[in-house]
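Shown next, in structure tokens, is the structure this report addresses.
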Amino acid sequence: KAVGALVMLLWLAFTPMDYNLPRAGQLQLQKKRLGMLCGFGFFTGLSLGPLLDMVIDINPQIVPTAFMTTTVLFVSLTLTALWTDKRSWLFLGGSLFSGLS
């Protein structure tokens, strides 16, 4: 499962986007690359199942806590980026993430 995700990621990374192609060729290549990205997401999701089962066996509260923490951080930083008048607040995100880790 994880090998499939790695293969899809490498395939996507080594498939260049050729802007010299005609428009129809670019659209076909974009669809191919989108399929590779979806395949990467699918195989990554498959490989997360056993990991989540192991985490739930250790402590079932870890998964909802991680989900809520991620959601709160994402929403707060998104709202900060949308509502701030001074863009200097956006550099606060790097300090916050450094302090959390």
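Numbering starts at 1 and runs along the sequence shown.
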### Query
Is the CD atom of Gln28 crowded by more than 12 outside heavy atoms at less than 6.0 Å?
no
Which side-chain N or O atoms in residues 52-59 pair as donor and acceptor under 3.5 Å with protein atoms at least two apart or in another chain?
{"from": "Asn59", "atom 1": "OD1", "to": "Gln61", "atom 2": "N", "distance (Å)": "3.2"}

Side chains of residues 32-51: which donor-acceptor pairs under 3.5 Å do they make with residues two or more places apart or in other chains?
{"from": "Arg33", "atom 1": "NH1", "to": "Leu12", "atom 2": "O", "distance (Å)": "3.3"}
{"from": "Arg33", "atom 1": "NH1", "to": "Thr15", "atom 2": "O", "distance (Å)": "2.1"}
{"from": "Thr44", "atom 1": "OG1", "to": "Phe40", "atom 2": "O", "distance (Å)": "2.7"}
{"from": "Ser47", "atom 1": "OG", "to": "Phe43", "atom 2": "O", "distance (Å)": "3.4"}
{"from": "Ser47", "atom 1": "OG", "to": "Thr44", "atom 2": "O", "distance (Å)": "2.9"}

### Task
Heavy atoms only: give me the nearest Ser76-Leu73 pair and the separation to one decimal.
OG-O, 3.0 Å
### Query
Where do Thr65 and Thr69 come nearest, in terms of heavy atoms and distance?
O-OG1, 2.8 Å
### Message
Please determine whether residues Leu9 and Trp11 belong to a single hydrophobic cluster, defined as Ile, Leu, Val, Met, Phe, Trp and Tyr linked transitively by side-chain heavy-atom distances below 4.5 Å.
### Response
yes
### Query
Side chains of Phe67 and Val63: closer than 4.5 Å at any heavy-atom pair?
no
